[in-house]
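Below is one structure; the comments refer to it alone.
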Amino acid sequence: MANPDECDTMIVGLGAMGSAALHHLASRGVKVLGVDRFVTPHIHGSTHGRTRIIREAYYEHPCYVPIVQRAYELWAALEKEIGERLFVQTGGLMIGPPEGELFAGALRSATEHGLAHTILEPAEVQARFPGFRVPRGSLALHEPRAGLLLPERCVEAHLALARRAGATIRTGITVTGWTADDGVRIATDAGELRARTLILAAGPWLPALVPDLDLPLNVERQLFHWFEPASHPEWYDAAHSPISLIEYADARFFATFPDVGHGVKAGIHHEGAVIDIDAPRAPASAAEGVEMQALLARYLPQAAGRIVDRATCVYTNTPDHDFLLDRHPAHPNVIIASPCSGHGFKFASAIGEILADLATTGETSFDLGPFAISRFQAPAT
Ligand SMILES: Cc1cc2nc3c(=O)[nH]c(=O)nc-3n(C[C@H](O)[C@H](O)[C@H](O)COP(=O)(O)OP(=O)(O)OC[C@H]3O[C@@H](n4cnc5c(N)ncnc54)[C@H](O)[C@@H]3O)c2cc1C
């Protein structure tokens, strides 16, 4: 692009969502500019930590299933185009009490959408996956299509293909504000930029870019720990072990990720402190490591050996934990993308396509009703 300050669409944030949107727009021949304050992928936002779970029997709500099914197709297409493995199919276990949010929700999505699945009693889980222990009274829903995505490589792939298709990428630029009428003027620390359409995919920094909407988002500190199995490492590698989500107490979850070269990863879903994204983040403490190890030992006993690595990351949460994916209520040429609440990565390939559709046609074939900004705005009196 000759004049990067004159483009059809500008994307703020080149993490999971912005890099995917950049790829889809550039592939359609749109003059697109992506900017990020950091060189992505990086460790300051929500898209690092080597692996992300993708699963189809979506316990959160069946409305996510069509989007994740499109995401599977697009991840496969991305792998093919970049010529690199981005997805590791392991199958997945959703473990919890039969009436619990996780098991019952996954079963509902599997049933409503006719998804392949098997329900396993604790002894059947152990017979099939010897590294797992499921307590009596709990069940596991096994879904064969679940697995792992490699998030940093996915972002790199989207950016590389976007660049190849003609996108302009500028890093080390912080967007500080914008105004919109027929077009959008974007204020940055490197001067003003202009576009016809603006996509805000700024992850945990999004609220500062739409102060007028007073979005009820909070940023939550999250942890990953990686463990060296104490014995039977072959039980926990990605060739033999599924990913798992475990409801270990009422509506309290943790996730496990089989070893793809750095140990078995585990992380508690939510339960973290609400933090200021611009303040220094406390590293994982020894006590937090002990807590994670004890929880892992209850369900994957031999996996819970020595801690070999740990990292912090952040969720950007909505109050209902559903995504925010909508056009700005007052400025239809400004699109807001906050698909996080701790479960957005798997959808990024499809959300990139949805954002490209919204930016070019104003429409998408997916039902974005559950992700509307209006659900958080008081009705006019
Ligand atoms: C611990 C953890 C575990 C998770 N596990 C899973 C999982 O297993 N499966 C799953 O599907 N999802 C998971 N998620 C959620 C998923 O990772 C996120 O939904 C997703 O990464 C969010 O991507 P994003 O593009 O919105 O944000 P980010 O990737 O953080 O990107 C935002 C980008 O915007 C840039 N930016 C921000 N403000 C500005 C500005 N003013 N100017 C310029 N650039 C700016 C930032 O530098 C950043 O690069 C997990 C998240 C965490 C933290």
Side-chain angles (χ1 to χ4, degrees), residues 15-17 43-55 57-61 63-64 68 92-97 99-106 109 138 146 148-149 151 203-207 215-226 243-257 264-277 279 281-285 287-296 298-300 310-325 338-348 370-371 375-376:
M17 308 304 154
I43 59 163
H44 309 293
S46 298
T47 308
H48 58 281
R50 302 182 179 126
T51 46
R52 289 288 185 272
I53 288 173
I54 180 166
R55 54 194 160 84
Y58 222 65
Y59 81 86
E60 289 88 340
H61 197 279
C63 75
Y64 286 93
V68 82
L93 289 173
M94 307 298 129
I95 298 171
E99 69 289 354
E101 188 179 334
L102 175 60
F103 180 87
S109 275
S138 282
L148 299 170
L149 290 159
W205 290 270
L206 178 72
L215 295 175
L217 297 174
N218 71 50
V219 176
E220 182 183 6
R221 174 179 172 271
Q222 291 288 300
L223 300 176
F224 299 119
H225 285 88
W226 284 263
I243 61 94
S244 75
L245 280 190
I246 298 171
E247 186 168 0
Y248 70 94
D250 189 26
R252 297 175 73 185
F253 309 97
F254 78 101
T256 71
F257 304 65
V264 175
K265 190 172 102 171
I268 295 173
H269 186 44
H270 295 296
E271 304 189 38
V274 171
I275 57 166
D276 172 357
I277 187 63
R281 203 180 305 158
S285 68
E288 287 170 322
V290 168
E291 184 194 4
M292 187 69 256
Q293 194 172 35
L295 201 46
L296 186 63
R298 276 169 57 188
Y299 293 85
L300 283 72
R310 59 190 95 207
T312 63
C313 192
V314 293
Y315 289 173
T316 306
N317 296 316
T318 58
D320 58 13
H321 291 173
D322 288 318
F323 299 157
L324 261 189
L325 195 54
S338 180
C340 188
S341 293
H343 64 115
F345 187 84
K346 64 184 75 63
F347 300 94
F371 313 137
R375 73 191 195 275
F376 299 127

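What's counted below: heavy atoms across the whole structure, side chains too, no hydrogens, waters or symmetry copies.
The backbone N or O of His44 sits less than 3.5 Å from a side-chain atom of Arg281, completing a donor-acceptor pair. Judged by distance alone, the side chain of Glu220 and the main-chain N or O of Gly272 form a donor-acceptor pair under 3.5 Å. No donor-acceptor pair closer than 3.5 Å links the side chain of Lys265 to the backbone N or O of Arg50. Not one N or O on the side chain of Ser244 forms a donor-acceptor pair closer than 3.5 Å with the backbone of Leu93. Here the side chain of Ser46 pairs a donor or acceptor atom with the backbone of Val314 at under 3.5 angstrom.
A 4.5 Å side-chain heavy-atom check between Leu296 and Phe254 finds at least one atom pair inside the cut-off. Proximity of Met17 to Pro339: side-chain heavy atoms (C-beta onward) are separated by under 4.5 Å at one or more points.
Here the shortest heavy-atom pairing between Gly45 and Cys313 reads O-SG, 3.7 Å. Closest heavy-atom contact between Phe224 and Gly49: CE1-CA, 3.8 Å. The two atoms that bring Pro204 and Pro207 nearest to each other are O-CD, 3.6 Å, heavy atoms only. For Ala282 against Arg221, the heavy-atom pair with the smallest separation is O-NE, 2.9 Å. Taking each heavy atom of Leu102 and Ile95 in turn, the nearest pair found is CD2-O, 3.3 Å. Contact detail for Gly92 and Ala146: the closest heavy-atom pair is N-CB, 3.5 Å.
Around atom CG of Asp276, more than 12 heavy atoms belonging to other residues, nucleotides or ligands sit under 6.0 Å away. Within a 6.0 Å sphere centred on CD of Glu291, heavy atoms belonging to other residues, nucleotides or ligands number 12 at most.
The distance from atom CD of Glu101 to atom CG of Leu245, rounded to the nearest 0.5 Å, is 11.0 Å. A distance of 9.0 Å separates OG1 of Thr318 from CZ of Phe323, quoted to the nearest 0.5 Å. Distance CG/Asn218 to OG/Ser341: 8.0 Å, rounded to 0.5 Å. Here Thr47 contributes atom OG1 and Phe345 contributes atom CZ; the two are 6.5 Å apart, rounded to the nearest 0.5 Å. A distance of 11.0 Å separates CE of Met94 from OG of Ser109, quoted to the nearest 0.5 Å. The CG atom of Leu217 lies 9.5 Å from the SG atom of Cys340; values are rounded to the nearest 0.5 Å.
Note on ring orientation: taking the six-membered ring where Trp is involved, the planes of Phe347 and His343 are perpendicular (angle over 60°, cut-offs 30° and 60°). Aromatic ring pairs are classed by plane angle as parallel below 30°, tilted from 30° to 60° and perpendicular above 60°; the pair Tyr315 and His269 is perpendicular.
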List the steps, then state whether side chain to side chain contact (heavy atoms under 4.5 Å, CB included) holds for Ile268 with Leu223.
-> CA-CA 7 Å; Ile268 295 173; Leu223 300 176; over 6 Å; no

Would Ile246 and Leu295 count as a side chain to side chain contact (heavy atoms under 4.5 Å, CB included) if you check the C-alpha gap in whole Å, the side-chain angles of each, and the deciding distance to 0.1 Å?
-> CA-CA 10 Å; Ile246 298 171; Leu295 201 46; over 6 Å; no

Where do Leu206 and Thr316 land on the side chain to side chain contact (heavy atoms under 4.5 Å, CB included) test, with the steps shown first?
-> CA-CA 9 Å; Leu206 178 72; Thr316 306; 5.8 Å; no

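Residue Phe253 is tested with Glu247, Glu271, His270 for a side-chain contact (heavy atoms from CB on, under 4.5 Å); the sole match is Glu247.
A cation-pi arrangement is found for Arg55 relative to Tyr58, the charged atom lying closer than 6.0 Å to the ring centre and inside a 45° cone about the ring normal.
Arg375 has a carboxylate O that lies under 4.0 Å from a charged side-chain N of Asp320, or vice versa, which qualifies the two as a salt bridge.
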